[in-house]
Amino acid sequence: MKRARLIAWLSRYSTIVILAVPILLVAAFTELIAGTLLIRLVTAMFVSMIIVLGMQVFMGNSGILAWAHVGFMGIGAYVAALCSMTPHIKEIAIPQVYPFLLNLQLPFWLSLLVGSAIAALVAAVISYPLMRLSDAAAAITSFALLIIIHAVLVHWDRVTNGPRTLFGIEEYTTLWISVSGAILMLILAYFFKESSLGLRLRASREDYHAASAMGINITQVRYLSFVVSAAIAGFGGGLFAHYITSFTPDAFYLIETFNVLAMLVVGGPLGISGAVIGTILVTVAREGVRAVENTINLNHLLPFEVIGLTEVFLATVLILSLILRPQGIMGSRELRWKPKQSSGEANELDAQPASE
Amino acid sequence: MLQVENLQVRYGAITALRDISLKVEEGELVALIGVNGAGKTTTISAIAGIVKAVNGSINFRGHSLIGKSPEVILRMGIAVVPERRHIFPSLTVEENLRLGAFSRHNRSEYRSDLDETFTLFPILKERFRQIGGTLSGGEQQQLAIARSLMAHPQLLMLDEPSLGLAPTLVDQIFTLIITLRSRGTTILLVEQNVERTLEIADRLYLLNTGRVEMEGSPEQLKSHAAIKDVYLGEGKAGGNQL
């Protein structure tokens, strides 16, 4: 009986281990043998993974197309940057900055949390009415939300330095920090999916009417999940700011949106495994295409310069994936270790209610 | 227990229910029969709070259900198993059942409820970890009913539970309804399978174009000419049915 419980427990959390171990291996491998450029790329990949996981929490479990998350990533990035920059640099980087922001300076980890919290707060204040919508109306309003957040970032000179580059942010996000962040968010996203809230959200995705007949308040469930996923996106944004060290509001707009959307859709939005696998595959493929593009241009292999190959590639991958595998590579499955049952089903069943 | 009076429901310009009055007593098995479009599903949807009544009253144990949301009505003790099953296809059987118990929040009760579910529906024990959508039609119907029972309803409303099932599975479902009834569950059943329904119901309401056309015991309805013609067929209405 004890052994059966242990096996049930291991099987239950196997998804996290199966995903986290290769992530750690990739990071260790990169650290040991790779050059600076590759380390930067892998760091960026794990930052993207956090954003993709944040999107998965809402989009994957609710089935509602989420466009606004890169906007929340932007909010997290600006807030975290403003918190961690020294007053001296802030004065130069944002000449018109509000006085109360000028003297604010927090440690890096606290800046990340504040960025995440403000992104969640913005989501909490504005998103309730949006959660009553489904399907096309929900997708269009969340797209509009992305545009609105972008417009605010571009025009709020006294906070974001407007459309101009915000520079002078310390490079705190190392490879290991981004890897730890990704694994932390992986665990969070997994537990969210398995939690009561996540289960209710998935039920509303499957069948709206049956879910409300179960006594689920769908608007409220969606709302809480949206706030959680905005918090994760904001956290990833903070890491991004301290990785890239200078950016404009355009970093959190359509290009990045399609980038993370492609990762989630290719991998499969319904599960955590899909989000992780999609991020890795799309990053590898995109960088491969970028290398090809650079080689062509540097060696003048064609009579003209090739521009935008990666964008064309991403769009093609997204379209092909939607045609051939609309549920993504993983579909609704998770990578999971299933123990073999030699003595029939009974054992597993006995263990199940205990682990509930 | 449940009292519906002069219920009227509209879908836009179309009046689905003109004037429905019915009552269900504690422990009874009451059936709603009638042709397609008669208003059977609309009636139970109105009771469950899924569609809104324009006029009339619905009282459950002395409390009005008019204007209450489906969640509240469920918590008051009325569960509905919708037509065409409506299980959550990509969730596991376990998750489906857990959602049914959601309105009650009690872990120890959940475990004992599961054991009870497994004695009523042995197949669900075998399928416990499977994805709901991979179950057969009859198994899905059992899961849908089991899921509703997890909420411990005082009144269970079943909307065409035998729809689209093979004859042997229809037998299983009707046997199950009899079992539930003998355990004291009050049931409001909507069925197209009038022959079988006449065998098990305590009382029936015949609905037609949004009105109650006739009400009575199975014997009273069997003798009614319209029932013989429309539902049983002239030849089958003989005494060999009893």
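In what follows, every chain begins at residue 1, and chains take the letters A, B, ... in the order their sequences are listed. If you're wondering where the values come from, they're calculated on a predicted model, not measured in any experiment.
- Atom CZ of A:Arg202 sits about 8.0 Å away from atom OG of B:Ser90, to the nearest 0.5 Å.
- Most heavy-atom pairs under 4.5 Å with chain B, from the set A:Ser332, A:Ala211, A:Ala203: that is A:Ala203.
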Worked check of side chain to side chain contact (heavy atoms under 4.5 Å, CB included) between A:Arg200 and B:Phe102: CA-CA 9 Å; A:Arg200 281 178 278 156; B:Phe102 159 70; 3.3 Å; yes
Could you walk me through whether B:Arg98 and A:Ser196 satisfy the side chain to side chain contact (heavy atoms under 4.5 Å, CB included) test, starting with their C-alpha distance in whole Å, then the side-chain angles of each, then the deciding distance to 0.1 Å, before giving a yes or no? CA-CA 9 Å; B:Arg98 187 138 51 97; A:Ser196 162; 5.7 Å; no
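- Between A:Glu206 and B:Pro89, the closest side-chain pair of non-hydrogen atoms falls below 4.5 Å.
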For the pair B:Leu91 and A:Leu199, evaluate side chain to side chain contact (heavy atoms under 4.5 Å, CB included) and give the outcome as yes or no after the intermediate values. CA-CA 9 Å; B:Leu91 304 187; A:Leu199 179 61; 4.0 Å; yes
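- The interface of residues 49-74 of chain B with chain A, defined by heavy-atom distances below 4.5 Å, comprises B:Pro70, B:Glu71, B:Leu74.
- Residue B:Arg75 comes nearest to A:Gly215 through the heavy atom pair NH2-O, 3.6 Å, listed as atom of the first residue, atom of the second, then distance.
- For a residue to count as touching a neighbouring chain, one of its non-hydrogen atoms must lie under 4.5 Å from one of that chain's; by this rule A:Gln327 does not touch chain B.
- Of the two parts of A:Leu270, neither the backbone nor the side chain holds a non-hydrogen atom closer than 4.5 Å to a non-hydrogen atom of chain B.
- Considering every non-hydrogen atom in both A:Ala210 and B:Arg147, the closest pair reads CB-NH2, 4.2 Å.
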Listing, residues 129-136 of chain A side-chain donor-acceptor contacts under 3.5 Å, not counting sequence neighbours, or none:
from, atom 1, to, atom 2, distance (Å)
A:Ser134, OG, A:Arg222, NH1, 3.4
A:Ser134, OG, A:Arg222, NH2, 3.3

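- Applying the 6.0 Å contact sphere to CG of A:Leu324 captures more than 12 heavy atoms from other residues, nucleotides or ligands.
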